[in-house]
Each structure stands twice: as structure tokens, then as C-alpha cells.
Amino acid sequence: MTAEEKKQMEDFYKNKQVLGDKFKGVAKGKNLLIVQVESLQGFAMNKTINGKEVTPNLNKLAKENFYFDNYFYQVKGGNTSDAEFLTNTSLYPINEGAVFLRYPTNVYNTLPKALKERGYTTSSFHAYNPSFWNRSIMYQSLGIQNFISYEDFNLDEFAGWGGYALSDESFFRQSLEKIDTTKPFCSMLITLSSHHPYDYFGEKTNLDVKPYEKTVLGNYLGAINYVDSCIGKLIEDLKKRNLYDNTVVVIYGDHYALPKTQASDLYKLENVEPNNFNWLRLQKVPLIIHIPGVEGGQTISTASAQVDLLPTIANLMDIDFPYAMGQDMFNKKDGFALLRDYSVVTDKYLYDASESKVYNIKDGSPLNIDEYKNEIEKIMHLGKLSDLMIRKNAFKAVKK
Ligand code: GP9
């Protein structure tokens with residue numbers, strides 16, 4: 001890193017403010033279970049189709065716990081692995097290619113490392129080939145001690161991804177059986193059944209998706225309805241094992257369900273005009289946090305994104321984590337989310353980077369870009385700084 005680059009980095013971290021102490025340490029010493037759900041996108045939540053809820057179990061969890069309904073994904077070329085990266089490091093995944101493939105041996109400050117230092121066992125569960133997305137190498141740099149991959153699961157039932165995915169029901173059941181609960185644990189469960197193209201759910205769901213049957217969207221709604229039922233069973237299983245009351249449970253979607261090229265039915269379902277403003281507004285994923293011993297029942301709508309999850313968990317668990325790029329969502333007041341195409345969503349406006357246009361977040365009416373330019377540039381700088389730090393393996397120098 002040049003001296004100028006190093007200064008940029010140091011200034012950023014030095015000037016980061018503690019936003020408040022709400023919920024600080026309320027989950028200190030508790031277990032942590034993170035469920036990263038494949039392709040779970042925000043629009044599926046609280047949605048009914050032909051009189052039936054698509055995600056009844058997630059809706060109930062959202063109601064009983066803390067539900068972040070304005071939470072954006074920030075993945076780029078690394079898709080699912082980028083979402084893992086964001087959660088584990090609170091850095092932005094690089095803007096070109098996949099950070100898991102390009103920078104797997106960098107030094108990273110991570111949540112698993114911080115928890116390992118506090119006596120936790122850190123594990124990742126994903127029923128697929130361990131070399132996919134270079135996970136087996138990258139997990140070492142992230143401080144994940146145990147990687148439970150498809151080599152360790154009994155592949156007893158397939159559902160999703162054209163029939164190649166271990167069913168989420170079996171995956172959750174087996175994962176809970178494998179977690180060592182004699183010590184505090186930090187376990188991340190990465191699901192697969194709702195992977196595109198969602199074509200495997202005819203018998204697994206009786207959701208009537210008319211008029212979208214046999215379309216990608218219709219198949220997706222069926223797939224998510226199936227995954228939702230598996231999440232319901234996972235929560236029951238946690239309760240049966242007496243884990244629900246001493247475990248922080250975090251559930252979120254990793255990235256979008258439908259690419260822009262397949263979004264026409266989505267606009268129809270949402271009853272909105274097909275345009276960039278509506279497309280960007282839809283790029284949210286649900287986030288639910290269950291904090292044992294803390295009464296939930298709250299929906300938090302401050303604009304936020306995946307980079308914000310780590311500092312939020314760190315605050316709950318009383319972990320000092322100075323190298324987060326994101327902000328603690330329980331204490332953040334002025335919401336913003338920087339998407340990885342450099343679009344920006346705040347509580348007031350949306351900046352569409354592809355057309356350099358600013359819209360009022362409430363109604364999509366155009367706003368004068370000059371009034372927002374400085375703020376947008378400041379927010380965009382975060383993505384550039386993160387890229388720079390990853391490219392230069394900046395934390396290696398910090399560690400020395
Ligand atoms: C496979 C899974 C793929 O391991 O992570 O998900 P993708 O990145 O294609 O969404």
C-alpha cells in the first residue's frame with residue numbers, strides 16, 4: 001500500500017463512530033446460528049398467493065423477533081460466497097470476480113476468528129463439493145475451524161438445483177445433529193434447495209401459484225414455500241434440543257432470486273412498472289434476528305445491507321470489532337446501503353448508478369443529482385476503499 005492509501009484506510013477506521021449502545025452485550029456468551037438461505041429475496045415475505053402465505057414460518061419468526069425489511073444484498077461475481085464473505089468480514093466483496101477465488105489467502109479480520117478467541121467452535125455447514133467457490137481454502141483464512149461439506153452428510157434426500165441438492169429438511173436435521181453443543185458454537189448453515197432454476201418442487205409444495213405456474217417465478221414461489229417449511233422444522237428442532245433459548249439465530253437471504261432478464265413476472269406480481277427504480281428497490285433480502293431473552297416483535301426499516309450484519313452481531317455479543325466497514329443496525333439512524341454496482345439506497349433517495357439518476361425513495365420521482373452528489377460519492381468511496389484493502393492485503397500489514 002502506498003502511504004496515501006494507508007492513510008485513507010487508517011482515517012476511515014479512526015473516524016468510525018460508535019453509534020450507540022442499544023442491546024450492547026445482551027447476547028454475550030450465547031451460541032450463534034447463522035442460516036444463509038439460497039436466493040431468499042425480500043418480495044417473498046408476507047406475500048399471499050391465492051389466499052396462502054408463501055413463507056408462513058418466516059413471517060411468524062419475523063413477527064416474533066427482529067425483522068429488517070429494508071436490508072439489501074451486496075454480492076457481485078461470487079454470488080453465494082460473496083454473501084458469506086460479507087457476513088464473516090464486514091468488507092465488500094471485490095467488484096470484479098469472486099473474492100473467494102481471487103484472494104483466498106489474504107489476512108482477514110473475521111467474526112469466526114473473534115469468536116474462536118472467546119472459546120467458540122466455529123463451523124460452516126454446506127452440503128456441496130468443498131472445493132466449490134474455493135471454500136475449503138478460503139474458510140481457513142476466515143477462521144472457520146470445521147467445514148462440514150457433502151462428504152460428511154448422508155445424502156438421503158435430494159430437493160432442488162435440478163435434483164442435485166440435499167434437501168434442506170435433511171440438511172437442517174443432520175446439521176443440528178452434528179453441532180457440538182458442549183461448548184459455545186458459531187455455526188453457519190448455507191442452504192441449497194432454493195437454488196435457481198427452482199424446478200423440483202411439484203410434490204414438495206401444494207402452493208397454488210396461478211397464474212405463474214410453470215414460470216420461473218411460479219417455481220421459485222414453490223421452492224421458497226418448501227424452504228420455509230424446512231425453516232419451521234429447524235426452529236422446532238432447536239426448541240426440542242433446548243437450544244432456542246440460548247442461541248442467537250440469524251436468518252437471511254444471500255442474493256436475488258430472479259435475474260433482471262427474468263423479472264417481467266416479478267413486476268407483475270408486485271404490481272409495479274418495469275423500470276430501474278423498481279428493480280433496485282426490489283434487491284432486498286430478508287433478515288431476521290432472534291435474540292434469546294430479548295423481546296422482539298419489531299420491524300426495523302432503516303436502509304442497511306449485508307456489510308452491516310457483522311457489527312450488529314458483534315454489538316449483541318459484546319465483541320470489540322474495529323475493522324468492520326458496516327454499521328450496527330440496532331444503533332444506526334441514517335440508513336444507507338451501497339450496492340455492488342455502486343447504486344446507493346438511503347432512507348430518502350435511491351441513486352441508480354447505471355443511469356446516474358437520483359429518485360425519491362418514496363415515490364420514484366426524479367431528484368436533482370447535484371444536491372446528493374457529495375454524499376453519494378462519500379458512500380461510493382467505501383466500496384472503492386474495501387476493494388483497495390483486499391487487493392493490497394491491507395490487514396497483513398496491520399497485523400505486523
Ligand atoms: C454451491 C452454491 C452455489 O456451493 O453456493 O450458489 P450460487 O453461488 O450459484 O448462488
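When a ligand or atom number is given, it counts from 1 through the structure's own listing order. As the structure is a computational prediction, the values presented were derived from the model and not from experiment.
In this structure, Lys384 does not pair ionically with Glu377, as no charged nitrogen and carboxylate oxygen lie closer than 4.0 Å.
By the neighbour-count criterion of 12 heavy atoms within 6.0 Å, atom NZ of Lys348 is sparsely surrounded, having that number or fewer from other residues, nucleotides or ligands.
Cluster annotation: Val35 and Phe153 are assigned to the same hydrophobic cluster (Ile/Leu/Val/Met/Phe/Trp/Tyr, side-chain heavy-atom contacts under 4.5 Å, transitive).
Remark: minimum distance from atom 9 (O) of ligand 1 to any protein heavy atom is reached at His195 NE2, 2.9 Å.
When the heavy-atom distances from atom 5 (O) of ligand 1 to Gln36, Arg135, Glu84 are ranked, the shortest goes to Arg135. Nearest to atom 7 (P) of ligand 1 by heavy atom, out of Thr80, Asn129, Asp82, is Thr80. When the heavy-atom distances from atom 8 (O) of ligand 1 to Tyr150, Trp161, Tyr128, Trp133 are ranked, the shortest goes to Trp133.
Within the 4.0 Å heavy-atom criterion, neither part of Tyr256 lies near ligand 1. Residue contacts with ligand 1 for His126 involve side-chain atoms from C-beta outward but no N, CA, C or O (heavy atoms, distance under 4.0 Å).
When only modelled atom types and interatomic distance are considered, Ser124 and Tyr139 share a side-chain donor-acceptor pair under 3.5 Å.
Inter-residue side-chain proximity for Tyr71 and Val285 is flagged as met; some heavy-atom pair is nearer than 4.5 Å.
In this structure a side-chain-to-backbone donor-acceptor pair under 3.5 Å is missing from Asn88 to Leu111.
Note on ligand 1: Glu38 sits in its first shell, one or more heavy atoms being nearer than 4.0 Å.
Near His255, meaning under 4.0 Å from any of its heavy atoms, are these atoms of ligand 1: 10 (O).
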